[in-house]
Amino acid sequence: MTIRNLMKKTLETLISKALTTLQANGILDNTLNPTIHVERTRDSSHGDFATNIALVLAKSAKTNPRQLAQQLIEAMPANDIVSKIELAGAGFINFFIDANAQYQIISTIHQQGNQFGLSQIGSGKKVQVEFVSANPTGPLHVGHGRGAAYGSAVANLLVATGFDVHKEYYVNDAGRQMDILATSVWLRYLEACGETLVFPCNAYRGAYVRDLAQNLVSNQGKNFVHLHDIVFANLPLDETDGGDKEIYIDSLIARAKQLLGAEGYRTVFDVGLTAILEDIKEDLAEFGVTYHQWFSERSLMDDGSIENALAVLRENNHLYEKDGAIWFKSSELGDEKDRVVIRDNGHYTYFASDIAYHWNKLERGFDVLIDIWGADHHGYIARVKAALTALGADENKLHVLLVQFATLWRGEEKVQMSTRSGDFVTLRELRSEVGRDAARFFYVMRRSEQHMDFDLELATSKSNENPVFYVQYAHARVCSVFRQLPEKGYIHNVELGMANLPELSAEHESVLLTTLARYPEVIERAATQYEPHLLINYLRELATDFHTYYNAHQFLVESATLRNARLNLISSVQQVLVNGLILLGISAPEAM
RNA sequence: GCGCUUGUAGCUCAACUGGAUAGAGCACCAGCCUUCUAAGCUGGGGGUCGCAGGUUCGAGUCCUGCCAAGCGUACCA
């Protein structure tokens with residue numbers, strides 16, 4: 001148990017005892033069983049912790065809050081860690097923690113080391129976190145990067161708070177988009193083999209498609225070449241010629257399947273799929289993002305999962321047929337309208353496999369499902385929740401977290417991004433420009449649902465204005481101090497420092513002690529709220545407190561007792577910075 | 001039209017989920033900065049929390065109605 005929990009628990013016990021006393025005296029109703037809420041104060045003149053219990057209970061106790069607070073204070077037993085209890089404001093009870101108790105945080109951090117801040121509030125609950133899950137139709141772009149940084153930070157936080165976390169990437173290796181990719185590769189392959197053709201406007205136009213086609217040439221030679229006139233015979237018009245681009249690309253897909261045969265088509269398809277998937281895996285790994293499982297959508301088709309899931313829906317009377325398609329009655333379960341699960345051409349929709357996928361997740365026994373999606377998919381939430389309900393599950397098990405896209409800036413200038421013509425900024429490009437640490441930091445710096453501006457210039461600048469730099473530099477600065485120790489002929493005597501912690505009486509020092517003690521609370525909150533930006537904010541605060549302390553005081557002073565006490569304090573800062581940065585996937589350099 | 005999200009200082013964003021005087025960083029202003037543990041330091045001004053109602057001891061936070069922006073509103077994924 002952390003020192004913070006000890007303190008908070010102690011205070012809660014005191015309040016609880018006071019309440020019992022008042023109940024015994026008939027001042028409060030015996031049936032009352034309020035949840036006691038103790039929180040940190042914002043203003044140090046209000047002490048260290050405060051409770052609003054008197055304000056909450058005043059009405060039912062038919063008394064005014066200040067009077068009730070006063071009675072509670074009088075009924076409160078004495079305790080070592082509390083130096084003073086005050087009635088304040090409208091009826092707050094403020095607790096002042098004894099100075100000696102404040103110092104304990106330093107020995108706690110030294111004892112617990114990289115375990116400091118971890119907790120068991122998750123109590124082993126099984127949580128599945130599914131994130132990124134971008135279609136393997138091309139490289140990851142900067143939008144996916146934010147989902148990756150956010151998802152992996154959330155997962156790390158959940159692990160740190162005692163959840164049993166399973167990270168997963170859903171691979172859309174089936175479906176129409178992948179067919180379009182396969183067809184795009186094949187057409188580029190035909191070009192590479194000397195055919196001249198007009199590339200469909202709805203096909204994937206990125207340069208990487210040519211590379212994939214080149215692979216196909218090297219592996220397969222001219223096995224898949226068909227004459228232009230045969231390939232394009234009797235096709236509807238493309239959009240540029242006044243036709244429909246969707247119909248056109250679909251007929252080209254059909255043509256590819258027909259000319260290549262099932263086996264040949266699968267070969268072309270898999271060349272694209274495996275290469276792109278490998279690229280995505282490598283990209284994410286270099287970004288510090290790893291998974292327990294890459295879950296194949298195709299496997300859901302192959303093993304009958306989709307059929308099974310739909311069978312359950314059919315049994316429960318949630319499906320019907322209309323216009324040659326099979327519909328799911330999601331409108332009865334909170335969705336705007338019903339949704340097609342089997343198209344009139346007999347193919348499953350993406351939604352059908354997603355129903356099966358979520359069914360599969362539930363079958364695997366997860367207590368909580370977290371889906372992290374781009375905000376543009378928000379309209380999808382209602383139907384997936386409807387599906388869970390229809391499958392007989394509790395829709396509240398599913399938490400969909402939305403990530404807004406980031407706008408890239410280079411100083412004052414907005415970086416243009418367009419997904420048309422494949423001219424987007426990839427995650428790889430971003431990483432090579434600003435580096436992994438800055439990318440991860442900036443991505444998670446804002447609340448995920450907040451649109452964010454990502455300033456590439458700021459992210460790479462070596463100045464205090466760059467928050468990544470500022471936090472990492474605080475860590476490096478501590479390291480630098482410890483490097484200078486031997487140069488000055490000192491050694492770090494931890495025991496001597498611990499014995500003299502009360503010498504840390506400067507204002508900057510007590511501020512740091514409080515900030516350090518807050519770390520476990522921040523982790524807990526960031527984890528349970530899925531808000532890693534709270535951790536970033538905290539680390540920036542800790543860094544600020546440290547830098548101002550550094551500017552105000554010498555650490556390597558003559559006095560051995562004060563010197564070692566200060567060294568213990570700053571090595572605690574170092575430890576907490578490391579612990580926090582690790583959770584965010586950001587390095588803590590020893591020198592900068 | 002309907003739905004989701006967002007709206008807080010000139011700019012980018014916080015605010016312990018209903019608490020006390022709404023906070024940071026840029027930018028701006030004023031001092032300091034021959035020495036120090038390189039990436040300056042210290043202080044200051046700046047707010048109708050989109051608007052209007054409501055709920056209660058108490059609202060940036062909750063409810064209602066407007067206004068604005070982004071996204072969505074496929075038998076695409």
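Labels below follow one simple rule: chain letters A, B, ... track the order of the sequence lines, proteins then strands, and each chain is numbered from 1.
Screening H377(A), K361(A), H399(A) for a side-chain hydrogen bond (donor to acceptor under 3.5 Å, both in side chains) with D371(A), the sole residue that qualifies is K361(A).
Under the 4.0 Å criterion applied to side-chain N and carboxylate O atoms, R446(A) and E531(A) are not assigned as salt-bridge partners. Ion pairing between a basic and an acidic side chain is recognised when a charged N comes within 4.0 Å of a carboxylate O; E509(A) and R566(A) show such pairing. Under a 4.0 Å N-O distance rule, the pair D179(A)/K257(A) qualifies as a salt bridge. With respect to the salt-bridge test (charged N to carboxylate O, under 4.0 angstrom), the residues R298(A) and D302(A) do not qualify.
In this structure, R540(A) atom CZ and rC13(B) atom P are separated by 12 Å, rounded to whole Å. In this entry the distance linking CZ of F328(A) with C1' of rA74(B) reads 17 Å, nearest Å. One interatomic measurement links the two molecules: CZ of R525(A) to C1' of rA14(B), which rounds to 12 Å at whole-angstrom precision. Counting to the nearest Å, the C1' atom of rU37(B) and the CD atom of Q484(A) are 5 Å from each other. Atom pair N464(A):CG and rA39(B):C1' shows a separation of 6 Å (rounding to whole Å applied). For I249(A) and rA77(B), the CD1 to C1' distance is 15 Å, given to the nearest whole Å. Between Y320(A) atom OH and rC75(B) atom P there is a gap of 11 Å when expressed in whole angstrom units. With rounding to whole Å, D455(A) atom CG is found 12 Å from rA27(B) atom P.
Counting any heavy atom pair closer than 4.0 Å across all strands shown, A382(A) reaches no nucleic acid atom. Using a 4.0 Å heavy-atom distance criterion, N94(A) is classed as a base contact. Nucleic acid contact for A50(A): base, since at least one base atom lies under 4.0 Å from a heavy atom of the residue. In this structure, A58(A) reaches neither bases nor backbone, as no heavy-atom distance under 4.0 Å exists between it and the strands shown. Y380(A) comes within contact range of at least one nucleobase, with a heavy-atom separation under 4.0 Å. Nucleic acid contact for H547(A): none, since no nucleic acid atom lies under 4.0 Å from a heavy atom of the residue. Contact annotation for N135(A): backbone-only contact, meaning every heavy-atom pair under 4.0 Å involves sugar-phosphate atoms and none involves a base.
Distance noted for atom P between rG10(B) and rG50(B): 13 Å (whole Å). rG7(B) and rG45(B) are spaced 25 Å apart, taking the C1' atom of each and rounding to whole Å.
Each of W327(A) and T51(A) has a nearest nucleotide on RNA chain B; the 5'-most of these lies closest to T51(A). Taking for each of L556(A) and R446(A) the nucleotide of RNA chain B with the nearest heavy atom, the 5'-most of the two is the partner of R446(A).
Applying the 90° criterion around 0 to the glycosidic angle, rU5(B) comes out anti.
Among rG19(B), rC16(B), rC41(B), the nucleotide with an atom closest to any side-chain atom of R40(A) is rC16(B). The T548(A) side chain lies nearest to rU42(B) when the options are rU42(B), rU37(B), rC75(B). Out of rA27(B), rU42(B), rC75(B), the shortest distance to the side chain of V340(A) is found at rC75(B). Ranking rU37(B), rA77(B), rA74(B) by closeness to the Y550(A) side chain, first place goes to rU37(B).
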Dump the pairs, protein N or O against N or O of nucleotides 2-8 of chain B, anything under 3.5 Å, distances to one decimal.
from, atom 1, to, atom 2, distance (Å)
rG3(B), O4', E336(A), OE2, 3.4
rG3(B), N2, H378(A), NE2, 3.0
rU5(B), O3', E449(A), OE1, 3.0
rU6(B), OP1, R447(A), NH2, 3.3

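Side-chain atoms of N568(A) and H492(A), non-hydrogen and from C-beta on, do get closer than 4.5 Å to each other. For the pair R146(A) and Q404(A), the minimum side-chain heavy-atom distance is below 4.5 Å.
Both cation-pi conditions hold for R477(A) and Y550(A): the charged atom is under 6.0 angstrom from the six-membered ring centre and inside a 45 degree cone around its axis. Cation-pi geometry between R563(A) and Y490(A) is satisfied (NZ or CZ under 6.0 Å from the ring centre, within 45° of the ring normal).
Residue K59(A) has a polar side-chain atom (N or O) positioned under 4.0 Å from OP1 or OP2 of rC57(B).
Of the residues in residues 528-539 of chain A, those with a non-hydrogen atom less than 4.0 angstrom from any atom of RNA chain B are Q529(A), E531(A), H533(A), L534(A), N537(A).
Base-pairing analysis of RNA chain B finds the following stems of at least three consecutive Watson-Crick or G-U pairs, with both pairing distances under 3.5 Å: B:1-7 with B:67-73, B:10-13 with B:23-26, B:28-32 with B:40-44, B:50-54 with B:62-66.
A donor atom on one side chain and an acceptor atom on the other are not found under 3.5 Å apart for E297(A) and Y348(A). A donor-acceptor pair shorter than 3.5 Å cannot be found between the side chains of E457(A) and T460(A). D338(A) and W327(A) share no side-chain donor-acceptor pair at under 3.5 Å. Between the side chains of N360(A) and S305(A), no donor N or O sits under 3.5 Å from an acceptor N or O. In this structure, a donor-acceptor pair under 3.5 Å is absent between the side chains of T137(A) and Q177(A).
The aromatic ring of F92(A) sits over the base of rA20(B), with ring centres less than 5.5 Å apart and planes inclined by under 30°.
Interface remark: the D376(A) side chain does not form any donor-acceptor pair with the rG72(B) base, using a distance-only criterion of under 3.5 Å.
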